[in-house]
Amino acid sequence: MRTVAVVGASLAGLSAARSLRKQGYDGRLVVIGEELHRPYDRPPLSKEFLAGILGEAELALESADEDLAAEWLLGVRATGLDHTERAVRLADGREVRADGVVIATGAAARTLPGSEGLAGVHTLRTLDDARALRGELAEGGRLVVIGGGFIGAEVASTARALGLDVTVVEAAPTPLAGPLGEAMGAVVSGLHTDHGVRLLCGAGVKGLSGETRVDAVLLEDGRSIPADIVVVGVGARPCVEWLAGSGIALDNGVKCGADGRTSLAGVVAVGDCANWYDPRTAAHRRVEHWTGARERPDAAVATLLAGGAVEPGAPRPPYFWSDQYGVKIQFAGHAAGADSVTTVSYTHRQVLAVYRRAGHPVAVLGMNQPRLFTRWRKQIASTTS
């Protein structure tokens with residue numbers, strides 16, 4: 001290959017570029033990013049950066065002396081992929097012709113219909129999002145977080161520590177039931193009420209009120225929750241619209257094999273936009289976590305450089321972490337399909353729970369239990385490989 005284009009300049013794209021060089025690729029390397037910023041770390045955006053503990057310089061993913069000998073095309077969006085011509089089309093009219101393509105365009109935060117143009121309403125996905133939200137939180141007031149997932153919970157935790165009045169509205173009966181199951185989802189989301197945050201579950205949002213700036217969140221049951229600031233944390237959608245008509249199979253993102261290969265030769269996908277096949281569960285899954293974006297590009301790049309001739313191995317079980325209200329939350333594996341959850345250790349805010357299917361451990365949750373969690377994580381990786 002003489003030219004490889006990496007489309008996406010966040011962690012997954014940077015990891016792919018690094019892996020290309022590490023695996024011996026010495027040809028032309030072009031990295032395309034829609035944002036103007038160099039690659040930065042996203043997890044701190046909802047925590048340390050939002051709280052003012054970390055500055056922008058400390059979010060940088062590249063070291064000062066790192067040189068990948070890459071061409072960086074930042075602030076420009078990819079609009080199409082012409083596989084016949086082997087070209088990535090850009091919004092400014094340029095084309096990047098490449099022998100190999102790594103798709104790493106990530107995901108975008110879902111918005112609330114009708115909130116467009118209403119001041120005080122935020123999503124949190126990018127550095128620019130975090131800048132805007134941090135400025136408003138510094139002024140204090142009443143914050144309503146729509147969505148009780150991890151991003152919403154982290155924002156609520158940070159805002160509460162800053163002294164804001166915080167309410168979390170969650171449509172499901174139990175927050176985090178999807179990734180953690182109902183029982184442990186209830187345990188983790190209980191941190192909200194422990195710290196004076198109002199948690200409203202089973203509450204659908206009808207809309208927002210306010211003429212130019214939001215002043216309340218309207219619920220489907222008729223209640224109105226006063227708000228000076230609203231954060232919408234209702235998940236993310238994979239950024240794959242630009243691939244329409246390219247011939248790449250799309251299904252909740254870019255549909256991939258267990259090694260990141262797509263339906264088109266010479267094209268692999270990594271990160272939040274990639275729906276990889278997981279042989280452990282015999283299903284495709286999008287893994288929207290930092291660890292996956294860091295680790296999986298190695299396998300995808302090996303596949304790309306070998307022309308698909310390498311035998312894919314099983315990716316490591318998904319792992320993610322969250323910091324909420326001073327509690328370190330860690331999770332590895334798949335809760336879906338587990339038929340039992342056993343609490344190995346349970347004290348106030350110190351929990352270790354093991355998920356099993358047919359007696360075999362398939363996932364583990366830790367709250368302020370780093371040592372026990374690490375042991376079980378290793379065991380799950382070894383028993384499910």
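Note that the structure is predicted; figures quoted are calculated from it, not measured.
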Subject >> Residue pairs fulfilling side chain to side chain donor-acceptor pair (under 3.5 Å) with at least one residue in residues 229-246, sequence neighbours excluded >> reply: Thr105-Trp242, Arg237-Glu241

Say whether, by atom type as modelled, one donor and one acceptor occur between the side chain of [X] and the main chain of [Y] under 3.5 angstrom.
X: Thr123; Y: Val232; result: no
X: Arg134; Y: Phe49; result: yes
X: Thr174; Y: Ala177; result: no
X: Asp272; Y: Ala107; result: no
X: Glu295; Y: Gly292; result: no
X: Glu170; Y: Gly148; result: yes
X: Arg21; Y: Leu68; result: yes
X: Asn368; Y: Val327; result: no
X: Tyr355; Y: Leu180; result: yes

Measure the shortest side-chain to side-chain distance between [X] and [Y] over non-hydrogen atoms and say whether it is less than 4.5 angstrom.
X: Leu143; Y: Asp165; value: no
X: Leu50; Y: Glu154; value: no
X: Ile329; Y: Gln324; value: yes
X: Pro44; Y: Leu59; value: yes
X: Val101; Y: Val4; value: no
X: Leu112; Y: Val234; value: no
X: Thr262; Y: His83; value: no
X: Gln379; Y: Arg377; value: no

Going from [atom1] on [X] to [atom2] on [Y], what distance comes out if it is rounded to the nearest 0.5 angstrom?
X: Arg89; Y: Asp82; atom1: CZ; atom2: CG; value: 5.5 Å
X: Leu61; Y: Asp41; atom1: CG; atom2: CG; value: 5.0 Å
X: Cys256; Y: Asp251; atom1: SG; atom2: CG; value: 10.5 Å
X: Arg294; Y: Leu14; atom1: CZ; atom2: CG; value: 8.5 Å
X: Thr167; Y: Leu200; atom1: OG1; atom2: CG; value: 6.0 Å
X: Leu20; Y: Leu304; atom1: CG; atom2: CG; value: 6.5 Å

State, to 0.1 Å, how close [X] and [Y] come at their nearest heavy-atom pair, and which atoms those are.
X: Arg2; Y: Tyr25; value: O-OH, 3.1 Å
X: Val168; Y: Gly147; value: CG1-O, 4.0 Å
X: Ala203; Y: Leu219; value: CB-CD1, 4.1 Å
X: Ser263; Y: Ala249; value: OG-N, 2.8 Å
X: Asp339; Y: Ala358; value: OD2-N, 2.8 Å
X: Arg28; Y: Arg97; value: NH1-O, 4.0 Å

Does [X] have more than 12 heavy atoms from other residues, nucleotides or ligands lying within 6.0 Å of its [atom1]?
X: Lys47; atom1: NZ; value: yes
X: Glu66; atom1: CD; value: yes
X: Lys206; atom1: NZ; value: no
X: Lys22; atom1: NZ; value: yes
X: Glu136; atom1: CD; value: yes

**OP:** Kindly determine whether Asp228 and Arg142 satisfy salt bridge (Lys or Arg N to Asp or Glu O under 4.0 Å), including the steps that lead there.
**Re:** CA-CA 5 Å; Asp228 302 302; Arg142 300 163 298 182; 3.1 Å; yes

Tell me whether [X] shares a hydrophobic cluster with [Y], the cluster being built from Ile, Leu, Val, Met, Phe, Trp, Tyr side chains joined at under 4.5 Å.
X: Val31; Y: Leu90; answer: no
X: Leu191; Y: Leu162; answer: yes
X: Leu250; Y: Val102; answer: no

So, [X] and [Y]: side-chain donor and acceptor under 3.5 Å apart, yes or no?
X: Gln23; Y: Ser19; result: yes
X: His37; Y: Asp128; result: yes
X: Asp99; Y: Thr3; result: no

**OP:** Could you check Phe320 against Phe150 for ring-ring contact (aromatic ring centres under 6.0 Å, His included), going step by step and ending with a plain yes or no?
**Re:** CA-CA 10 Å; Phe320 62 86; Phe150 284 105; 5.1 Å; yes

Original post:
So which pairs with a foot in residues 160-217 pass ring pair (Phe, Tyr, Trp, His ring centres under 6.0 Å), sequence neighbours left out?
Top reply: His192-Tyr325, His195-Tyr325

Original post:
Looking at Trp276, is Arg286 sitting on its ring face, NZ or CZ under 6.0 Å from the six-membered ring centre and within 45 degrees of the normal?
Top reply: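 No, Arg286 and Trp276 do not form such a contact.
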
**OP:** Would you check, one step at a time, whether the test side chain to side chain contact (heavy atoms under 4.5 Å, CB included) holds for Leu164 with Ile229?
**Re:** CA-CA 10 Å; Leu164 279 79; Ile229 309 167; 4.1 Å; yes

**OP:** Step by step, work out the side chain to side chain donor-acceptor pair (under 3.5 Å) result for Glu56 and Tyr40.
**Re:** CA-CA 9 Å; Glu56 293 185 18; Tyr40 59 87; over 6 Å; no

Original post:
Going through the checks in order, is the side chain to side chain contact (heavy atoms under 4.5 Å, CB included) test met by Trp321 and Lys328?
Top reply: CA-CA 7 Å; Trp321 75 92; Lys328 181 75 171 183; 3.3 Å; yes

Original post:
Between Arg356 and Val362, does a side chain to side chain contact (heavy atoms under 4.5 Å, CB included) hold up when you go through it step by step?
Top reply: CA-CA 5 Å; Arg356 290 181 172 86; Val362 293; 5.7 Å; no

**OP:** Take Ser10 and Arg42 through the test side chain to side chain donor-acceptor pair (under 3.5 Å) and record every step on the way to the result.
**Re:** CA-CA 9 Å; Ser10 193; Arg42 294 185 191 274; 3.2 Å; yes

Subject >> Residues forming a ring-ring contact (aromatic ring centres under 6.0 Å, His included) with Trp72, sequence neighbours excluded >> reply: none

Original post:
For Leu243 and Val254, what are the C-alpha separation, side-chain angles and deciding distance, and is it a side chain to side chain contact (heavy atoms under 4.5 Å, CB included)?
Top reply: CA-CA 9 Å; Leu243 294 169; Val254 180; 3.7 Å; yes

